[in-house]
Structures are given as C-alpha cells and as structure tokens.
Participant: 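Quick one: structure below, then a few questions.
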Amino acid sequence: MTVTESTASESTPPKKHKDRTHWLYIAVIVAVVLGVTVGLLWPGFGKSVGVLGEIFVSLIKMMISPVIFCTIVLGIGSVRKAASVGRVGGLAFVYFLAMSTVALAIGLVVGNLLAPGTGLHLSTANQGAGAKYADQAHAAGGTWHFIKSIVPETMFSALTSGSVLQTLFIALLVGFAVQALGSTGESIVRGIGMLQKLVFKVLIMVLWLAPIGAFGAIANVVGQTGWNAVKELGALMLGFYTTCVIFIFGVLGALLWAVARVSIFKLVRYLAREYLLIVSTSSSESALPRLIAKMTHLGVEKSTVGIVVPTGYSFNLDGTAIYLTMASLFVADAMGKPLSIGEQVSLLAFMIIASKGAAGVTGAGMATLAGGLQSHRPDLVDGVGMIVGIDRFMSEARALTNFSGNAVATLLIGTWTKTTDRDRIKSVLSGAEPFDETTMLDDHVGDVETEKAPVQAAR
C-alpha cells in the first residue's frame, strides 16, 4: 500500500450503520390509515383480512418464552450486582420496587376510571373462545392444579410448551443457579447474553411485519364497529399520555421537591436534548450514556450514577408499568371480558417481573403484554392485535416516562445517601454551569471537579 493510499484510508471515516426504523414507523402509520379506510368503506373485506393481525400476534407469541427466559436470567444477575454494592444498590432496588408499585396503582386507577375499549363490543366474535377457556378452567381442578401446572415435565420443555408461567419458573431457577456458581457462571451469563441478542434480532425481524399485522387488525376492528374503534383507540392514547404527564410532573415532581428541593421543570429543561433524542428513536436506551454524563455533571457522585442509572434501565420502568396496565384493561374491556381487581393485580405483578431486563428493546413490551395475558387469561391474547397499530405511538411516552423516572431516581438516591453536591445542582440547573457538549463523546462524560476532563462512563 502506498503512502497516499494509506493516508486516504486513514482519513476516510468509517461508514455508520443507518437506522432504518423510522421507515417502519412511517409504514405502521400508513397501515393504520389504510386499515381504518378499508374498515369504514369496505367493512366486509376489512373483517376478512383480520387473519393478518392474527398471524402477527402468533409470531409475537412465538417469541414470548425465549424473551422472558433470557431477560429474567440476565435480570437476576443485575439484581445481585445492585445488591452487592451496599447501601446505594439496596436503596435503589427498594425504591425501584416501590415506584413500580405506584405506577401500577396509578395505571389501574386511571384505566378503571376511563374504562378504555368498552365502546367496541367485540365479545360476539370471541364468545366461543371464552366458553372454551371457561370449560378448561372448570375442568382444571382449581388452585392446586394451577400451582402444579407451573412445574414443567422437563427443564427444557418449558421453553417449547407455550406455558409462560413454566418459562418464568425455569428462568428464575436458572438465574439463581447461575449466580450461585459465582465466577464459573459468568461464562453461562455471557452465553445467555449472546442468546438474548439473537432472540431480540429475530424479534426485530418479526416487527418489520407490524404494518401488515396493524392493517389487518385495525381493518377488522373498524369493520366490526365503525368509528367507535378509532375513537376508543384515540381515547386510550390520550389517556395514556395524560397519565404519563401526571406521573412525571405530579408524582415524581412532588417527590423530587420534597426530598431534594429540586424543581422537576428545571430538571426537564436541563435534559431537553435527551428528550428530543428519545422522541426521535422511541427508545430511552439511546439516551443512556448522555444521562450518565449529565447526572455526573449535575453534581451526583459517579459511583452513585454508575449504580443507579444502568440498574434503573432494567428495573425502574414506570412508563412500561403504566402501559401494560392500561393496555391490558383496554383489551379486556374491548372484548367484553373485563378483569376483576384480583386478576388485574396478579396479571400486572407478573408483567412487571417478566419485563425486567428488556428495557429499550423494541417490541419487548408487546411480547410481555401478550405473555401476561396468555398466562392469566388466554382468551384475551388475540386482542393484542388491536394494540399493534398504536403501540408505536405510545412508545414515545413510555420511553420518556422511563427516562424521567431514572433521572429523578438518581437525584433522590444521591440525596438520601448524601452523594450529591447541592450547590452544584443549583448552579447547573440555573444555567450558571452549562453542560459542555464537546466532552460528551459516546462513553465519556464531564468530571464533577474538572468539567472538561473526560472520564469513562459506567454503563
């Protein structure tokens, strides 16, 4: 190679991988519009293409067991790491559990008040399925038979039988067993981590069929109910966005002011660029390195930020909790089979456990929703197809709420553990010490003592 060629090759920047997910977003929007149009103008044809939505739901159901197995096994490892760091990790885990419960409760209250989906009256299309599952439940033998059915015939049959509870049971056993192996289990964790990447890659491939599934599902529902479907889906979206806003500025804002005397409005303004990044990608994962950098710049010790933020991205999913709550209630109400309070609590407790470790992964929320319904109310799983068309629209609110929850959690836990600099927080939020974008290069963040000295950010 000549000197000229060598210089040219060195000066040529590496090609960046193009993000084409925005085309999927556009395709889903177009599919929803076409589905509504077909359902209104040609209701008979709209009902006939409902099978497309059913096929897409079947593909999502196909991914439930591997998604839950991988995320739970890897999630347990994160819990152990969080607990092993002492007071900060233990306090963070307790806080995450408490806020997930609060988010669930808010979602349940708002969902039951709004009663989303009640105007669709789709029960006539599923009466046979409901009777079938009712007969199965009666013949099952009650609670003890249900408990017995959680234990699979073999360790690996749980991953192929389609039973979500069996998959969850085996995943918990494997997760704790791997952790008990200590350093020997690290290679197993890495292997499962690679398997998770493969599973999520397949899931992303499946999601490229979402426009087809959304078209079939929306056309079918609108063909049955007319404008009622459009109004109810719009009401669900509006209710979800409103609930997320109330949670961020009401619950999180009040808690942040009570504990740290920090205004949620100033914090949101400080993180404005990250919010724009999340809206453009529909994932809070894209803003993870920047959140670490900005929380460190804000005056929270790096050790606290390095523990709370990465762990929170797996275990502090407030937006996801609200979404799973309202989506479940919507599906049940739309199909004329509302969930009792007991069913709501048990179903959503399962969903929160099953969703751990899947934050930021496109489609994982939908897989968790389908898995929870399949484990508790199999007769409602087909209703997930109704959510496909608007899931992407709701993902922005989910991601923004999850991100806000982790930013607030970092300040709260830093305040409780006395690992924050109050004077610096006031100075930064007032604009006196702006964040230097030139020191924020991927994994590098600004130091607290010397703002322009880059350091390696914890992931």
Side-chain angles (χ1 to χ4, degrees), residues 19 21-22 25 92 96 99 241 244-245 247-249 251-253 255-256 260 262-302 304-320 322-323 359-362 365 392 394-414 420 424-448 451-452 454-459:
D19 182 13
T21 56
H22 63 283
Y25 193 3
F96 295 158
M99 289 311 297
Y241 271 79
C244 289
V245 170
F247 182 81
I248 293 173
F249 292 99
V251 178
L252 294 180
L255 188 59
L256 182 62
V262 173
S263 168
I264 187 66
F265 298 100
K266 290 184 178 180
L267 180 63
V268 168
R269 184 179 62 183
Y270 174 64
L271 299 172
R273 290 197 178 188
E274 287 65 44
Y275 283 117
L276 290 175
L277 178 62
I278 292 170
V279 169
S280 65
T281 60
S282 298
S283 172
S284 58
E285 196 78 7
S286 60
L288 173 58
R290 292 184 63 89
L291 180 60
I292 292 174
K294 282 205 163 181
M295 288 295 101
T296 304
H297 171 76
L298 186 59
V300 184
E301 288 186 7
K302 284 179 280 188
T304 301
V305 175
I307 295 168
V308 176
V309 174
T311 307
Y313 260 67
S314 289
F315 295 93
N316 190 32
L317 309 176
D318 301 326
T320 302
I322 297 172
Y323 162 78
V361 180
T362 304
R392 182 62 188 242
M394 300 170 74
S395 63
E396 282 87 356
R398 273 203 312 264
L400 290 172
T401 306
N402 289 340
F403 179 83
S404 301
N406 285 309
V408 171
T410 305
L411 282 171
L412 291 177
I413 293 170
T420 59
R424 183 175 178 83
I425 291 175
K426 292 180 180 178
S427 176
V428 170
L429 292 183
S430 66
E433 298 184 54
F435 181 73
D436 190 347
E437 297 286 343
T438 62
T439 64
M440 177 57 209
L441 300 174
D442 294 330
D443 294 336
H444 295 83
V445 301
D447 198 356
V448 174
E451 184 179 338
K452 294 188 178 182
V455 295
Q456 188 70 21
R459 280 194 178 273

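Nothing fancy with the numbering, it's 1 onward along the sequence. If you're wondering where the values come from, they're calculated on a predicted model, not measured in any experiment.
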Participant: What's the spacing between Leu412 CG and Leu256 CG if we round to 0.5 Å?
Facilitator: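 With rounding to 0.5 Å, CG (Leu412) is 5.5 Å from CG (Leu256).
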
Participant: Contact between His297 and Val428 at the side-chain level, heavy atoms closer than 4.5 Å - yes or no?
Facilitator: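 Answer yes - side chains close enough.
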
Participant: So, for Ile248 and Ser404, which heavy atoms are closest and what is the spacing to 0.1 Å?
Facilitator: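 Smallest heavy-atom distance, with atoms named: CD1-OG, 3.8 Å.
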
Participant: Hey, is the main chain of Tyr270 close enough, under 3.5 Å, to the side chain of Lys294 for a donor-acceptor pair?
Facilitator: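 Yes; judged by distance alone, with no hydrogens or angles, the pair exists.
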
Participant: State, yes or no, whether a side-chain contact exists between Val305 and Glu301 at a heavy-atom distance under 4.5 Å.
Facilitator: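 Answer no - side chains too far apart.
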
Participant: Hey, what do you get for CZ (Phe247) to CD1 (Ile322), rounding to the nearest 0.5 Å?
Facilitator: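 Between atom CZ of Phe247 and atom CD1 of Ile322 there are 5.5 Å.
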
Participant: First locate atom OG1 of Thr420, then atom CG of Leu411, and finally report the distance between them rounded to the nearest 0.5 Å.
Facilitator: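 So the OG1 of Thr420 and the CG of Leu411 are separated by 7.5 Å.
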
Participant: Could you tell me if the side chain of Leu255 sits less than 4.5 Å from the side chain of Met99, heavy atoms only?
Facilitator: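 When only atoms from C-beta onward are counted, Leu255 and Met99 do touch, with a gap below 4.5 Å.
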
Participant: Going by heavy atoms in the side chains, are Asn406 and Leu291 under 4.5 Å from each other?
Facilitator: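 In short, these two side chains touch, coming nearer than 4.5 Å.
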
Participant: Identify, with sequence neighbours excluded, every residue that meets side-chain hydrogen bond (donor to acceptor under 3.5 Å, both in side chains) alongside Ser427.
Facilitator: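 Residues passing side-chain hydrogen bond (donor to acceptor under 3.5 Å, both in side chains) with Ser427: Glu433.
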
Participant: Strictly distance-based, threshold 3.5 Å: is any side-chain N or O of Arg290 a donor or acceptor partner for the main-chain N or O of Arg273?
Facilitator: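 No; zero donor-acceptor contacts below 3.5 Å.
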
Participant: Are the side chains of Leu298 and Thr410 in touch, meaning some heavy atoms are under 4.5 Å apart?
Facilitator: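 Side chain of Leu298 against side chain of Thr410, heavy atoms only: no contact under 4.5 Å found.
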
Participant: Quick one: closest heavy-atom pair of Val308 and Phe96, and the distance?
Facilitator: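 The answer is O-CZ, 3.8 Å.
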
Participant: Is the backbone N or O of Leu429 less than 3.5 Å from a side-chain atom of Arg269, with the two atoms forming a donor-acceptor pair by type?
Facilitator: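 Checked: pair present.
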
Participant: Give a yes or no on whether the backbone of Gly405 and the side-chain of Asp318 come within a donor-acceptor separation of less than 3.5 Å.
Facilitator: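 Flag not set: sc Asp318 to bb Gly405 has no pair under 3.5 Å.
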
Participant: Mind checking the NZ-CD1 spacing from Lys302 to Ile292? Nearest 0.5 Å is all I need.
Facilitator: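 Reported value, rounded in 0.5 Å steps: 12.5 Å.
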
Participant: Would you kindly say whether Thr401 and Tyr323 are connected by a side-chain donor-acceptor distance under 3.5 Å?
Facilitator: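 Per modelled atom types, Thr401 and Tyr323 side chains form no pair under 3.5 Å.
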
Participant: Going by the rule side-chain contact (heavy atoms from CB on, under 4.5 Å), which residues pair with Lys426 if we only count those two or more places apart in sequence or in a different chain?
Facilitator: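 None.
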
Participant: Determine the minimum heavy-atom distance between Gly319 and Asn402, stating which atoms define it.
Facilitator: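 Shortest heavy-atom separation between Gly319 and Asn402 comes out as N-OD1, 2.8 Å.
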
Participant: How far apart are the closest heavy atoms of Leu267 and Ala407, and which atoms are they?
Facilitator: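 Looks like CD2-CB, 4.4 Å.
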
